[in-house]
Amino acid sequence: MATSEKAAYDALPYPRVVVVGGGFAGLAVVNGLAGKPYKVLLIDKQNHHCFQPLLYQVATASLGADSIAHPFRRTVGPMSNVAFRMAAVKKVDPANKQVITDRGTYDYDILVLATGTVTNFFGMEDCERTAMQLKTIGQALDIRSDFLQEFETAVALDDVEEQRRYLSFVIVGAGPTGVELAGALAEIKRSVVKHEYREMDNETMQIVLIDSNDKVLKNFNEASSDRALTYLQELGVNVRLNTRVVGLEDDELMLNDGSSIRTNTVIWAAGVRGASVPGMEAAMDPRSGRYRVDPQNAVEGMPDVYAIGDIAAMRNEEWGDGHPQVAQVALQQGDHLVKNLVRKAEGKEALPFTYKHQGSMAVIGRYRAVVDLGQRSFGGFFAWLVWMFVHVVQLVDFRNRFMVLFNWGWKYLSWRNTIRLIIRPYVRRTNIRLR
Ligand SMILES: Cc1cc2nc3c(=O)[nH]c(=O)nc-3n(C[C@H](O)[C@H](O)[C@H](O)COP(=O)(O)OP(=O)(O)OC[C@H]3O[C@@H](n4cnc5c(N)ncnc54)[C@H](O)[C@@H]3O)c2cc1C
């Protein structure tokens with residue numbers, strides 16, 4: 001913002017809306033309020049929006065990080081009533097209507113919390129210390145570096161048992177993230193490892209997918225869960241259902257059936273909890289870490305504070321304690337809040353939110369996916385085409401869409417994904433307690 005533009009922004013005679021979090025929900029609010037009679041400040045600890053559903057593709061070197069990320073300043077640059085601060089929110093002070101960050105304190109008239117989720121380790125501290133996560137671009141790049149480093153170490157070893165430790169990748173949690181990641185790693189084993197690491201037997205590599213439930217994709221229709229399991233097994237993924245992780249010590253992952261797996265790489269995709277911020281405890285559901293909201297997304301007992309997307313728990317008959325934590329809910333709640341804020345500016349009453357569920361989908365390896373549309377489900381190649389189309393359309397801008405399509409086209413036609421670069425080596429976290 002030039003000095004004159006900053007002065008013009010500061011002088012806007014509108015209510016101040018502070019939006020914390022520029023994920024699907026927060027960005028929908030920012031886009032919707034552009035040009036409306038509000039003075040908007042977007043705060044995010046990252047400088048970019050991240051399209052999380054494709055993070056696993058960055059982690060498995062199918063897409064570059066910049067294909068699925070978009071800088072906030074590029075988005076808000078043309079919006080004269082919107083500003084951006086890269087800052088981590090440390091506390092909210094609802095009594096004084098202030099947001100306290102590591103870069104300063106900001107006053108608000110209306111606060112929109114859209115902070116999403118963090119990985120939930122369910123109190124397993126040893127896993128929290130060393131297991132890898134997949135929530136941010138940085139973590140996706142860590143996974144990418146890690147598996148490439150493991151390959152390079154394994155190929156230099158003569159002892160097959162030692163090699164197996166480096167080539168055992170364990171994913172905990174068979175929801176969409178775990179399933180998609182397992183499928184992509186299995187494809188890497190069949191193509192990249194087989195053809196480019198010829199000095200070792202690619203069968204030494206194993207991908208293990210663990211879940212305490214009795215099926216994969218537990219929130220999908222039965223037919224899709226069964227289909228996904230078949231696809232994974234056909235790809236050679238070792239799926240271990242009804243199995244719980246009970247501990248992780250150095251390179252040994254212990255399971256509830258008394259067995260253990262020697263592995264350097266455990267990726268935790270078993271659950272999330274709300275990315276809550278201090279100061280809002282009174283409205284937080286302690287089990288999920290989400291904020292209880294009314295049908296207009298207003299946070300219980302906190303005037304002028306709204307929560308939307310993954311962080312919000314709106315109880316209703318259809319969805320119980322809260323809507324599913326998926327992109328569609330976040331987008332629709334963001335859009336709905338914009339409508340209500342515009343109505344507020346016009347002196348009209350706020351309307352309740354109704355979620356329109358548009359289906360669920362997950363991709364498994366190359367050319368196969370499962371899709372649920374209501375009670376109907378289908379899989380295979382057509383489902384994969386639908387999955388591709390939906391994900392490309394949802395990307396933030398034309399450049400992202402073009403880059404994703406180009407990369408996928410190149411990869412699927414030539415099978416040469418050339419993003420397998422170790423640029424920022426991953427340094428493994430140790431499991432030694434810090435005193
Ligand atoms: C690997 C993965 C795969 C997924 N796949 C799918 C899928 O296929 N389909 C689907 O529908 N959904 C999927 N999801 C879920 C979907 O991404 C989320 O439901 C969606 O991102 C929620 O949007 P949100 O705006 O609520 O939060 P987010 O998109 O998580 O955005 C939260 C934002 O808040 C910021 N933030 C958090 N805390 C602070 C703080 N204290 N200070 C400042 N900024 C903060 C973060 O940096 C982030 O930008 C996936 C999620 C992951 C992690």
Side-chain angles (χ1 to χ4, degrees), residues 18-30 41-60 68-72 84-92 99-103 106 112-120 132-140 143 171 173 175-181 184 217 219-220 267-269 271-280 289-291 297 307-313 322-335 337 357-363 369-372 387 390-391 394 396:
V18 173
V19 179
V20 183
F24 289 100
L27 211 55
V29 172
V30 166
L41 175 67
L42 170 64
I43 300 179
D44 200 297
K45 58 186 175 185
Q46 316 266 7
N47 81 335
H48 54 267
H49 168 81
C50 166
F51 190 85
Q52 292 176 6
L54 290 179
L55 268 177
Y56 85 95
Q57 294 239 344
V58 174
T60 52
I68 66 158
H70 193 71
F72 289 125
F84 170 67
R85 282 287 172 279
M86 181 175 159
V89 171
K90 297 292 176 201
K91 195 178 171 193
V92 171
V99 174
I100 295 121
T101 78
D102 58 354
R103 290 215 159 103
Y106 300 92
V112 180
L113 288 170
T115 46
T117 54
V118 290
T119 305
N120 190 351
M132 305 187 82
Q133 306 174 39
L134 187 59
K135 284 291 296 171
T136 63
I137 297 265
Q139 290 166 348
I143 293 176
I171 300 158
T177 302
V179 164
E180 294 185 336
L181 201 50
L217 300 179
N219 294 327
F220 282 55
I267 303 170
W268 193 269
V272 291
R273 54 177 287 109
S276 51
V277 283
M280 299 279 304
R290 298 167 89 180
Y291 295 125
N297 282 96
I308 51 174
D310 279 5
I311 187 71
H323 293 93
Q325 287 163 299
V326 294
Q328 272 305 318
V329 173
L331 284 166
Q332 290 179 30
Q333 288 191 343
D335 288 344
L337 183 60
H357 185 54
Q358 293 171 342
S360 313
M361 56 184 77
V363 70
V370 291
V371 174
D372 279 357
W387 177 91
V390 167
H391 282 76
Q394 285 183 344
V396 167

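Remember, it's 1-based here, ligands and their atoms both numbered in the order they're listed. Bear in mind the structure is a predicted one, so any value in this text is a computation, not a measurement. The first residue of the sequence shown is numbered 1, and numbering continues consecutively from there.
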How close does the nearest protein non-hydrogen atom get to [atom], and which residue and atom is it?
{"atom": "atom 31 (O) of ligand 1", "result": "G23 CA, 3.2 Å"}
{"atom": "atom 18 (C) of ligand 1", "result": "D310 OD2, 3.3 Å"}
{"atom": "atom 27 (O) of ligand 1", "result": "G116 CA, 3.3 Å"}
{"atom": "atom 46 (C) of ligand 1", "result": "D44 OD1, 3.5 Å"}
{"atom": "atom 30 (O) of ligand 1", "result": "Q52 NE2, 3.0 Å"}
{"atom": "atom 41 (N) of ligand 1", "result": "V89 O, 3.3 Å"}
{"atom": "atom 20 (C) of ligand 1", "result": "F24 CD1, 3.5 Å"}
{"atom": "atom 44 (N) of ligand 1", "result": "K45 N, 3.1 Å"}

Would you mind running through ligand 1 and noting each atom that sits below 4.0 Å from a heavy atom of [X]?
{"X": "A25", "result": "25 (O)"}
{"X": "A114", "result": "32 (C), 33 (C), 34 (O)"}
{"X": "G21", "result": "33 (C), 34 (O), 35 (C)"}
{"X": "K135", "result": "53 (C)"}
{"X": "Q46", "result": "47 (O)"}
{"X": "G309", "result": "26 (O)"}
{"X": "Q325", "result": "15 (C), 19 (O)"}

For this session: Return the option from C50, A59, A327, A312 holding the heavy atom at the smallest distance from atom 12 (N) of ligand 1.
Result: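 The option holding the nearest heavy atom is A327.
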For this session: Going by heavy-atom distance to atom 13 (C) of ligand 1, choose the closest among G22, P53, P278.
Result: P53
Under 3.5 Å, is there a donor-acceptor pair between the side chain of [X] and the main chain of [Y]?
{"X": "W268", "Y": "N120", "answer": "yes"}
{"X": "R273", "Y": "V118", "answer": "no"}
{"X": "D372", "Y": "F220", "answer": "no"}
{"X": "R290", "Y": "G274", "answer": "no"}

Problem set entry | Contact partition for T177 relative to ligand 1, non-hydrogen atoms under 4.0 Å | side chain
Problem set entry | Location of contacts on A87 toward ligand 1, heavy atoms closer than 4.0 Å | backbone
Less than 4.5 Å apart, any side-chain heavy atom of [X] and any of [Y]?
{"X": "F72", "Y": "L42", "value": "yes"}
{"X": "P53", "Y": "H391", "value": "yes"}
{"X": "I267", "Y": "I143", "value": "yes"}
{"X": "Q328", "Y": "Q394", "value": "yes"}

Problem set entry | Which residues share a side chain to side chain contact (heavy atoms under 4.5 Å, CB included) with Q46, sequence neighbours left out |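 Side chain to side chain contact (heavy atoms under 4.5 Å, CB included) check on Q46 returns D44, H48, T136.
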For this session: Taking side chain to side chain contact (heavy atoms under 4.5 Å, CB included) as the test, write out the residues that go with M86, two or more places apart.
Result: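 By the side chain to side chain contact (heavy atoms under 4.5 Å, CB included) rule, M86 matches N47, F84, R103.
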Exercise. Quick one: do the T101 and K91 side chains pair a donor with an acceptor below 3.5 Å?
Worked result: no
Exercise. Between V326 and ligand 1, is there a nitrogen or oxygen pair with a distance under 3.5 Å?
Worked result: yes
For this session: Please find out if less than 6.0 Å separates the ring center of F24 from that of H49.
Result: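 Yes, ring centres under 6.0 Å apart.
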